[in-house]
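Taking it in order: structure first as structure tokens, then the write-up.
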Amino acid sequence: MKETLSGSRWSELSTRLDIVKPLVAFRWMESRYRERARRYHDARHINECLRELDRAQHPEASNPLVEYALWFHDAVYNTFSKHNEERSADAAVQVLERSGRPPSDCALVRALILTTRHGVQQVEPPLQLLVDIDLAILGASADRYA
């Protein structure tokens, strides 16, 4: 049976960030992470990322925008597209904008999600943390990695 996303965890984060209509966003993400074509970028990956964040000994680990970006970073996933990260970032920012979050929050979330393209070594601490968490699977057991 496939893993599901944690509605209670999303609710807590939504409260911290004053997200408007959090259930709508959650249901949208839930449906995306359940898509049949996904083999890895699914709810299990998001849950693993959130567990990595919980274990992280990093100054940015308590930043709710880092957690928020993790929730959305693989929301849009099409194996034939090179724009998944951009579309995932657009979706995340749209929710933040509708919730009245400041442009600086939107810019950070966009940067966090776009960094998962893994094309450039990051120097900003929140971006480094997000990359490390997203790529933690590379340090998993051989069975899990496979």
Side-chain angles (χ1 to χ4, degrees), residues 2-140 144:
K2 286 197 167 203
E3 281 189 42
T4 59
L5 298 173
S6 171
S8 61
R9 182 162 183 157
W10 173 254
S11 180
E12 290 171 18
L13 178 63
S14 296
T15 298
R16 289 175 68 197
L17 292 173
D18 294 321
I19 299 299
V20 174
K21 297 185 179 180
L23 189 56
V24 172
F26 181 77
R27 295 286 182 232
W28 179 82
M29 282 187 287
E30 202 174 39
S31 70
R32 295 306 222 145
Y33 288 120
R34 282 187 187 158
E35 292 170 338
R36 286 181 178 225
R38 292 175 184 248
R39 294 199 43 164
Y40 172 70
H41 297 97
D42 57 9
R44 182 177 183 186
H45 172 59
I46 299 307
N47 291 334
E48 288 174 342
C49 286
L50 295 171
R51 285 191 291 274
E52 287 292 328
L53 179 66
D54 291 342
R55 288 191 293 265
Q57 298 293 312
H58 190 283
E60 292 292 331
S62 62
N63 183 339
L65 295 174
V66 171
E67 180 176 345
Y68 181 85
L70 284 169
W71 278 90
F72 274 91
H73 83 278
D74 283 326
V76 177
Y77 186 73
N78 177 341
T79 57
F80 302 107
S81 176
K82 295 180 181 180
H83 304 287
N84 293 325
E85 292 85 0
E86 290 87 353
R87 291 182 179 131
S88 294
D90 289 345
V93 167
Q94 184 179 52
V95 171
L96 290 176
E97 288 173 341
R98 279 196 317 251
S99 300
R101 299 299 301 185
S104 59
D105 286 2
C106 296
L108 176 57
V109 166
R110 181 175 296 286
L112 285 162
I113 294 172
L114 293 181
T115 199
T116 64
R117 292 181 291 194
H118 306 298
V120 177
Q121 185 174 359
Q122 298 300 329
V123 296
E124 296 295 322
L127 301 178
Q128 290 174 331
L129 175 61
L130 198 106
V131 167
D132 287 350
I133 289 172
D134 189 35
L135 296 179
I137 188 69
L138 299 176
R144 173 59 187 122

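The figures here come from the full heavy-atom set of this structure, side chains too, leaving out hydrogens, waters and symmetry mates.
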If you define the side chain from C-beta out and look only at heavy atoms, does anything of [X] sit under 4.5 Å from [Y]?
{"X": "V95", "Y": "F72", "result": "yes"}
{"X": "E60", "Y": "Q128", "result": "no"}
{"X": "I19", "Y": "L96", "result": "yes"}
{"X": "L50", "Y": "E67", "result": "yes"}

Main chain of [Y], side chain of [X]: is a donor-acceptor contact present, judged purely on distance under 3.5 Å?
{"X": "Y33", "Y": "A75", "value": "yes"}
{"X": "T115", "Y": "A111", "value": "no"}
{"X": "R34", "Y": "S31", "value": "no"}
{"X": "Y77", "Y": "A37", "value": "no"}
{"X": "N47", "Y": "T4", "value": "yes"}

Interatomic spacing from [atom1] in [X] to [atom2] in [Y] - rounded to 0.5 Å:
{"X": "L135", "Y": "E52", "atom1": "CG", "atom2": "CD", "value": "11.0 Å"}
{"X": "F26", "Y": "S8", "atom1": "CZ", "atom2": "OG", "value": "8.5 Å"}
{"X": "W10", "Y": "E30", "atom1": "CH2", "atom2": "CD", "value": "12.0 Å"}
{"X": "R36", "Y": "K2", "atom1": "CZ", "atom2": "NZ", "value": "9.5 Å"}
{"X": "E85", "Y": "I113", "atom1": "CD", "atom2": "CD1", "value": "9.5 Å"}
{"X": "C49", "Y": "L130", "atom1": "SG", "atom2": "CG", "value": "7.5 Å"}

Which heavy atom of [X] sits nearest to which heavy atom of [Y], and what is that distance?
{"X": "S81", "Y": "R87", "value": "OG-NH1, 3.1 Å"}
{"X": "S99", "Y": "V20", "value": "OG-N, 2.8 Å"}
{"X": "R38", "Y": "D74", "value": "NH1-O, 2.8 Å"}
{"X": "A92", "Y": "Y68", "value": "O-OH, 2.7 Å"}
{"X": "P64", "Y": "R16", "value": "CD-NH2, 3.6 Å"}

Discussion item. Determine whether L65 and L17 satisfy the following criterion, side chain to side chain contact (heavy atoms under 4.5 Å, CB included), listing intermediate values before the conclusion.
Written reply: CA-CA 8 Å; L65 295 174; L17 292 173; 3.9 Å; yes

Discussion item. Would you call the rings of Y40 and H45 parallel, tilted or perpendicular, taking 30° and 60° as the class edges?
Written reply: tilted

Worksheet entry | Derivation and outcome, side chain to side chain contact (heavy atoms under 4.5 Å, CB included), residues D90 and R110 | CA-CA 7 Å; D90 289 345; R110 181 175 296 286; 2.9 Å; yes

Item to complete: Carefully, step by step, assess H73 and I133 under the rule side chain to side chain contact (heavy atoms under 4.5 Å, CB included).
Response: CA-CA 11 Å; H73 83 278; I133 289 172; over 6 Å; no

Fill in: Pair H118-D134, side-chain donor/acceptor within less than 3.5 Å
yes

Item to complete: Decide whether S88 and R32 meet the rule of one side-chain donor and one side-chain acceptor closer than 3.5 Å.
Response: no

Worksheet entry | salt bridge (Lys or Arg N to Asp or Glu O under 4.0 Å) against E12, all qualifying residues, sequence neighbours excluded | none

Worksheet item: V93 and C106: side chain to side chain contact (heavy atoms under 4.5 Å, CB included), yes or no, with the steps?
Response: CA-CA 5 Å; V93 167; C106 296; 3.9 Å; yes

Response to the item:
Of L127, L70, N63, V131, the one forming a side-chain contact (heavy atoms from CB on, under 4.5 Å) with L112 is L127

